[in-house]
Amino acid sequence: MAEVLVYVDHVDGAVRKPTLARRLGEPVAVALGNGAADTAATLAEHGAVKVLTHDASEYAEYLVVPKVDALQAAVEAVSPAAVLVPSSAEGKEIAARLALRIGSGIITDAVDLEAGDEGPVAAQSVFAASFTTKSRVVKGTPVITVKPNSAAVEAAPAAGAVEALSVTFSDKATGTKVTGRTPRESTGRPELTEAAIVVSGGRGVNGAENFAIIEALADSLGAAVGASRAAVDAGWYPHTNQVGQTGKSVSPQLYIANGISGAIQHRAGMQTSKTIVAVNKDAEAPIFELVDYGVVGDLFDVVPQLTEEIKTRKG
């Protein structure tokens with residue numbers, strides 16, 4: 001079976017999310033930087049037959065070029081059927097640079113993958129998530145960025161043998177130096193794009209102080225908190241939590257929209273969620289056109305009751 005390279009997004013050994021590599025072949029993970037070897041147990045649990053590791057200060061001290069150098073070395077060592085990269089801002093830059101170097105095509109923001117007779121076939125949500133297209137790379141080794149939460153996390157134990165990757169950094173690797181870092185303030189909640197459950201609030205929340213209701217529901221579910229553009233523009237919630245075409249795209253297993261009308265701008269950022277629940281007192285709100293479950297009611301009545309019911313069942 002062909003091998004598939006997977007670039008691992010991790011923080012000091014803590015892996016963000018597994019990908020869809022097993023649908024295409026035998027996953028060979030590439031983990032770089034501090035704690036790279038510590039990823040092996042998690043990666044093996046989710047199907048990695050091999051984990052290529054390399055640690056060097058360049059990965060932390062400089063921007064993406066050292067990582068591109070390492071992935072290029074991995075491609076040359078493995079000759080994979082495809083290279084998969086997480087579809088983050090950094091991941092897309094790494095993928096684009098890698099594809100250019102190895103003379104290959106690139107597909108970004110894939111939400112599903114399947115093996116085809118002529119190479120991997122990637123599904124993408126396009127035109128504000130109104131349509132799903134399928135495409136494949138016709139030149140070179142396909143480089144594909146995959147959206148987080150595109151598939152549920154599943155255990156598939158494999159060998160996960162750790163091997164050192166030999167990397168020679170290019171002259172451009174040290175061209176852009178990181179001069180400082182500001183740690184993100186921790187809320188204790190999952191990162192929005194990585195979360196399996198997202199609870200969002202919109203214009204109907206009617207004020208920053210009322211987002212406490214949304215946060216309480218999110219905390220009862222262990223979820224991330226999102227917000228519509230209207231809520232963000234009104235200053236009720238930080239822009240970093242905006243879900244939509246001009247915010248972040250999420251694809252959780254469960255998305256709960258509270259007081260959100262469902263404008264196309266918002267739908268573009270969450271329409272690929274696996275299960276969608278909406279609470280809105282307007283029975284004609286567009287959001288009800290795409291939900292799996294809809295509650296016509298005042299969120300100030302519905303959401304606290306839902307939160308209490310969840311706490312009761314968990315207790």
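Quick note: residue numbers are just sequence positions, from 1.
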Test side chain to side chain contact (heavy atoms under 4.5 Å, CB included), reference V243, set Q265, H266, R229, output is H266

Enter the distance from L217:CG to I310:CD1 here, rounded to the nearest 0.5 Å. 5.0 Å

Looking only at heavy atoms, which two atoms of V225 and L192 are closest? And how far apart? O-CD1, 3.7 Å

Member of R22, K134, R136 meeting the salt bridge (charged side-chain N to carboxylate O under 4.0 Å, His left out) criterion with E114: K134

Side-chain heavy atoms of L24 within contact of P120, under 4.5 Å: yes

Is there side-chain contact between E3 and P27, with heavy atoms separated by less than 4.5 Å? no

When you measure from the side chain of D112 to the backbone N and O of A123, does any donor-acceptor pair fall under 3.5 Å? no

Please say yes or no: joined through hydrophobic side-chain contacts below 4.5 Å, possibly via intermediate residues, are L221 and I276 part of one cluster? no

K248 bridged to E191 by N-O distance under 4.0 Å: yes

Roughly how far, to the nearest 0.5 Å, is the CG atom of L5 from the CD1 atom of I144? 12.0 Å

Cluster link V111 to L254, ILVMFWY, side chain under 4.5 Å: no

Should E90 and K67 count as an ion pair when the cut-off is N to O under 4.0 Å? yes

Quick check: do V296 and K281 have side-chain heavy atoms less than 4.5 Å from each other? no

Nearest 0.5 Å, what's the CD1-OG distance between I214 and S200? 8.5 Å

Closest heavy-atom contact between V199 and A218? CG2-CA, 3.9 Å

N-O pairing of K50 and E26 below 4.0 Å: no

Flag yes if L165 and V64 sit in one hydrophobic cluster, no otherwise; membership is Ile, Leu, Val, Met, Phe, Trp, Tyr, and two members link when side-chain heavy atoms are under 4.5 Å apart. yes

Answer yes or no: is there an ion pair linking D69 with R101, defined by an N-O contact shorter than 4.0 Å? yes

Would you mind reporting whether V8 and V30 have side-chain heavy atoms less than 4.5 Å apart? no

Measure across V198 and G226 and return the closest heavy-atom pair with its distance rounded to 0.1 Å. CG1-N, 4.2 Å

Taking the side chain as C-beta and beyond, is there a heavy-atom pair between L98 and Q72 under 4.5 Å? yes

For T275 and Y255, does a side-chain donor sit closer than 3.5 Å to a side-chain acceptor? no

Can you spot which of V279, I213, N258 makes a side chain to side chain contact (heavy atoms under 4.5 Å, CB included) with F300? I213

Any idea which heavy atoms bring A122 and A110 closest together, and the distance? CB-CB, 4.0 Å

Kindly indicate, with the supporting measurements, whether the criterion side-chain contact (heavy atoms from CB on, under 4.5 Å) is fulfilled by V277 and V291. CA-CA 6 Å; V277 177; V291 302; over 6 Å; no

Any luck finding a side-chain donor-acceptor pair between E215 and Y237 under 3.5 Å? yes

Taking atom types as modelled and ignoring hydrogens, do the side chains of E308 and T312 form a donor-acceptor contact shorter than 3.5 angstrom? no

Using a 4.5 Å cut-off on heavy atoms from C-beta on, say whether the side chain of D282 contacts that of S261. no

Test side chain to side chain contact (heavy atoms under 4.5 Å, CB included) applied to L52 and V78, L32, V6, the passing residue: V78

Working to the nearest 0.5 Å, report the span between CG of L299 and CD1 of I256. 12.5 Å

Find out if a path of hydrophobic residues (ILVMFWY) with successive side-chain heavy-atom gaps under 4.5 Å connects I197 to L306. yes

Using a 3.5 Å distance criterion without hydrogens, assess whether the side chain of Q305 forms a donor-acceptor pair with backbone atoms of D301. yes

Determine the minimum heavy-atom distance between A48 and A29, stating which atoms define it. CB-CB, 4.4 Å

Let me see the working for Y7 and I94 under side-chain contact (heavy atoms from CB on, under 4.5 Å), right down to the final yes or no. CA-CA 10 Å; Y7 171 68; I94 292 172; 4.1 Å; yes

Quick test of your reading of the model: are D109 and K92 salt-bridged, counting only N-O distances below 4.0 Å? yes

Evaluate the side-chain proximity of Y59 to F169: yes if any heavy-atom separation is below 4.5 Å, no if none is. yes

In Å and rounded to the nearest 0.5 Å, what is the CD1 to NZ distance from I106 to K139? 14.0 Å

Validation row: L84, V4 side chains within 4.5 angstrom (heavy atoms): yes

Is it true that, when you exclude E209 itself, more than 12 heavy atoms of the residues, nucleotides or ligands shown sit nearer than 6.0 Å to its CD? yes

Please assess V28 against V49 for the test side-chain contact (heavy atoms from CB on, under 4.5 Å), listing each intermediate value before the final yes or no. CA-CA 6 Å; V28 175; V49 297; 4.1 Å; yes

Output the distance between atom OG (S87) and atom CD (Q124), rounded to the nearest 0.5 Å. 9.5 Å

Side-chain donor-acceptor contact under 3.5 Å, K274 with S251: yes

Shortest non-hydrogen contact between T145 and G91, atoms and distance: CG2-O, 4.3 Å

Same apolar cluster (I L V M F W Y, side chains within < 4.5 Å links), V295/F288: no

